[in-house]
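Both backbone and side-chain heavy atoms feed into the values below; hydrogens, waters and symmetry mates do not. Both counts, for ligands and for their atoms, begin at 1 and track the order of listing.
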Amino acid sequence: MKVPEIFGSLVFSDTVMRERLPKETYVALKRTIERNETLDLSVANIVANAMKDWAIEKNATHYTHWFQPMTGITAEKHDSFISPIGDGKIIMEFSGRELIKGEPDASSFPSGGLRSTFEARGYTAWDPTSYAFIKDGTLCIPTVFCSYGGHILDKKTPLLRSMQVINTQALRILKIFRTKAKRVIPTVGAEQEYFLIDKDLYNKRKDLIYCGRTLFGARPPKGQELGDHYFGAIKTRVAAYMKELDETLWKYGILAKTKHNESAPAQHELAPIFDNCNIATDHNQLTMEIMKKVAEKHNLVCLLHEKPFAGVNGSGKHNNWSLATDTGINLLEPGISPKDNAQFLLFISAVIRAVDIYQDILRVSAASAGNDHRLGGTEAPPAIISMFLGDELTAIFEALASGNSYKGNSIADMEIGVRCLPKLPKDNTDRNRTSPFAFTGNKFEFRMLGSNASIACTNTILNTIIAESLDYFATELENCSDVNATLSALIKDTYIKHKRIVFNGNNYCNEWIEEAGRRGLSNLKSVATALPTYASEKSVSLFNKYGVYSKEEVLARMEILQINYAKTINIEAHTALEMVRKQISPAVSLYCKELAKCVYYKKEIGVNFDAEKKVLERLSDNNVALLAKSDELEKLLNKASHFTDVSKSAMFFSDEICKTMNEMRAIADNMESYTARNYWPLPTYGDLMFCI
Ligand code: ADP
Ligand code: MG
C-alpha cells in the first residue's frame with residue numbers, strides 16, 4: 001500500500017475541491033471560509049452537487065450532518081440521496097440547502113433546559129472550515145448544532161467562537177510588535193491513550209459492557225510494577241490492530257504518527273501530528289470512534305474509559321496547545337531576534353496569567369466521573385492546576401521580576417526588546433511528567449484530560465482565558481506612551497502577581513498538596529466539587545464578555561455535566577448490585593456448598609478438614625457482609641432517586657454512593673481471592689490484561 005495515495009482518500013479536501021469545483025466557486029468558497037461569512041446558496045448548490053458526485057463515485061448512498069451534541073460523542077442521522085422522478089425511478093440528488101442546513105428532531109439530546117421538548121427542532125449548519133468525509137457509505141458533513149431559539153447545543157460552536165476570540169486578541173498584540181499575520185490559529189495535538197482487551201472476555205463482564213470499566217477485580221499477581229510494558233515490543237495481535245487503525249485514520253486525513261505501549265498491561269497510545277484546533281477536535285472524535293470500530297474487526301474491544309482497571313494506570317489524553325500565525329510562525333517558539341523574544345515572553349505571560357486566574361475553570365474541563373479515579377492517583381496530576389515552565393524559563397522570569405541579571409547564560413542583563421534570550425532547551429528530558437500544564441519548548445501540554453473526553457471544552461476554555469489576558473495586555477500597550485517600558489512592566493508584574501501557579505517540582509507528592517494550599521491554589525478534588533465553579537460569576541462574565549457562551553448556556557452546560565455525572569454513577573451502582581446479587585454471591589454460595597460437602601465427608605471419615613472449614617467460614621461471612629452492603633447501596637440509590645436539586649444529587653452520588661460501592665467492592669475482591677478459579681463467574685484482571 002502506498003500511504004501518500006490512500007492518505008485523505010475519504011476526504012472532500014482542498015485538493016479535491018480545487019479539482020472538482022469551477023474556479024469561481026472554489027474561490028468564493030475559500031473566501032467565505034477565510035472571512036467567516038455565510039455561504040451564498042448558488043455557491044452552495046454547486047458545492048453540494050460536486051460533493052455528491054464525488055461521494056457516489058466512492059460508493060456512498062447517504063449523507064449526514066455530523067455534529068457534536070453535549071453528550072460528548074458525535075451524532076449523525078443518515079438520509080439517502082434518492083429522489084423519485086416518477087415511473088418508479090429515482091435519481092441521486094443533494095442540494096445546497098441540504099448541505100448548508102439540517103433540521104433534525106433533536107428532542108432527545110441533552111440541552112440543560114435550553115430547549116423544551118415541544119420545540120424539538122434543532123438546527124445543524126455546515127462548518128466549511130472542517131472537510132466533509134465518507135464514513136461507512138455516508139457522506140459526513142461537519143456541522144454546528146443549535147436550538148430553535150438560537151441557543152447553542154453542541155461543542156463545536158463555542159470552540160469556533162473561542163478561536164475567533166483568540167484570533168482577534170492575538171492580532172492586536174502582533175500589531176504592536178509589527179509581526180505580519182492576518183490570522184492567528186490555536187494548534188492542537190491530542191495524544192490518546194487506550195486499552196485493548198479480548199472481546200470474548202469483555203462479553204462476560206457486565207461492568208465492562210454497561211460502564212466501560214471494571215467494578216470488581218482482585219489484583220493480579222503482576223501489574224505494571226516492572227515497567228516492562230511501557231514502550232515494550234508490541235504483541236502481534238495488537239500490532240495488526242494498530243496497523244489497520246493507522247491505515248484507516250490516514251484515509252480520513254488524520255495524521256496518525258506515533259504508536260506505542262503504555263505503562264499498564266494492555267494499555268497503548270496513539271499520537272497524531274498537531275493541526276488547527278477545530279480539525280484536531282473533529283479528528284480526535286473520529287479517531288476514538290474508529291479505534292473502537294477497528295477493534296471489533298480483530299475480536300478486540302478498545303476501552304477509552306479513564307480507569308478501566310484499579311491498581312494500574314488509567315488513560316488520559318494530553319492536549320498539546322500552541323498558537324500559530326497564518327504565516328507559519330509558532331508564537332510559543334522562542335525567537336532569535338530581541339523583538340521576537342519579547343513577543344514570546346508576553347505570550348507566555350498571557351498563559352501564566354490566564355491559568356492562574358482561571359485555574360478552577362480549566363479544572364472543570366477535565367472533570368468527569370471516570371477522571372475522578374485518575375487525578376491525584378500518582379498516575380496523573382492531582383486536581384490542583386499548576387504550571388511547569390522549566391528551570392531556564394523560570395530563571396528568566398525570576399531575573400526579570402527581581403531586576404537582577406540572568407546568570408544562567410553568557411548574556412548579562414535581559415532588558416526586554418533589547419537583548420536576545422538565551423536558547424531554551426526543547427528537549428523532552430527536561431519535561432516534567434507530573435505537571436498538569438507543562439511548557440515543552442514550543443507548546444503547552446495539558447495533561448489532566450481523561451481519555452474519553454472531547455477536547456472541545458478544554459480548548460474552548462484555553463482559547464478564551466488566554467484571549468482575555470491578551471486583551472488585557474493589548475489594551476495596556478495600545479494606550480501607553482512608552483511601549484518598551486510598559487512591555488517590561490507587564491511581563492514583570494504579571495509574573496510577580498501570578499507566579500504562585502508556577503511549580504517545577506513533583507506534583508505527585510504530598511508536600512506539593514500542602515504547598516499548593518499555602519499558595520492558595522484551588523484543589524477541587526472531585527467532579528461534584530469542581531462543576532459548580534463553572535457557574536461562578538467569574539466564569540459567566542468571562543464567557544459572556546467574549547460571546548463564547550451566554551449565561552444560560554454556561555448554566556445549561558454545568559447542569560448537563562452534573563446530571564451526566566449522577567447518571568453515570570447510578571448506572572455503575574446498579575450494575576454493581578446486579579453483579580453481586582446475580583453472579584458473585586450465587587457463585588460463592590455454590591463454592592461454599594462444595595466446601596461444606598467436603599467438610600462433611602472428611603469429618604465422616606476422620607480426615608482433617610480445617611482448611612476447607614476456614615475458607616468456608618470466611619466466604620460465608622463475607623457473603624453475608626456483601627449482601628448487607630448491597631442492601632445498603634440499594635437504600636442509598638432509592639434516596640438518590642428522590643433528589644430534585646441537581647448539584648446536591650451529584651454531591652450525594654460522589655460522597656455516599658461511590659463510598660458504599662467501594663466498600664462493597666473490597667468485600668467482593670477479597671472473596672475472589674479465596675474462591676476456586678472454576679467457580680468465579682467473571683474473567684479475572686489477569687485474564688483481561690494479559691491474555692490477548
Ligand atoms: P510526548 O508523548 O512526549 O508528550 P509526543 O511527541 O508523542 O510527546 O506528542 C506531542 C504532541 O504535541 C504531538 O501530537 C505533536 O504533534 C504535538 N505538537 C507539536 N507541536 C505542536 C504545536 N506547535 N501545537 C500543538 N501541538 C503540537
Ligand atoms: Mg504527552
Exercise for the section: Can you label the angle between the Phe344 ring and the Phe439 ring as parallel, tilted or perpendicular, going by 30° and 60°? Expected result: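 Tilted.
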For ligand 1, which atoms, with element, lie under 4.0 Å from some heavy atom of [X]?
{"X": "Ser322", "result": "22 (C), 23 (N), 24 (N)"}
{"X": "Ile273", "result": "16 (O)"}
{"X": "Gly189", "result": "14 (O), 25 (C), 26 (N)"}
{"X": "Glu445", "result": "4 (O)"}
{"X": "Asn330", "result": "23 (N)"}

Handout entry: Centroid-centroid distance, His260 to His229, less than 6.0 Å
Key =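 For His260 and His229, the ring centres are not under 6.0 Å apart.
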Please confirm whether [X] comes within less than 3.5 Å of ligand 1 when only nitrogen or oxygen atoms on both sides are compared.
{"X": "Val188", "value": "no"}
{"X": "Ala190", "value": "no"}
{"X": "Thr258", "value": "no"}
{"X": "Arg433", "value": "yes"}
{"X": "His318", "value": "no"}

Practice task
Quick one: pull up OG in Ser365 and OH in Tyr534 and give me the separation to the nearest 0.5 Å.
Solution key: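 Answer rounded to 0.5 Å: 8.5 Å.
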Practice task
Kindly compute the distance separating CG (Leu362) from SG (Cys457), expressed to the nearest 0.5 Å.
Solution key: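 Nearest 0.5 Å value for the CG-SG distance: 9.5 Å.
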Exercise for the section: Measure from the side-chain N and O atoms of Glu191 to the backbone N and O of Ala271, and report whether any donor-acceptor pair falls under 3.5 Å. Expected result: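 Between the backbone of Ala271 and the side chain of Glu191 there is no qualifying donor-acceptor contact (under 3.5 Å).
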Practice task
May I ask you to decide whether Arg183 forms a salt bridge with Glu34, counting only side-chain N to carboxylate O separations under 4.0 Å?
Solution key: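 Salt bridge absent between Arg183 and Glu34.
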Handout entry: Sole candidate of Asn278, Thr143, Thr74, Thr281 that passes side-chain hydrogen bond (donor to acceptor under 3.5 Å, both in side chains) when paired with Lys156
Key =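 That would be Asn278; it is the only one of Asn278, Thr143, Thr74, Thr281 passing the side-chain hydrogen bond (donor to acceptor under 3.5 Å, both in side chains) with Lys156.
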Practice task
Check if Lys259 has a non-hydrogen atom at a distance under 4.0 Å from any atom of ligand 1.
Solution key: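 Flag not set, Lys259 not near ligand 1.
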Handout entry: side-chain contact (heavy atoms from CB on, under 4.5 Å) evaluation trace for Tyr495 with Val502
Key = CA-CA 9 Å; Tyr495 184 72; Val502 177; 4.3 Å; yes
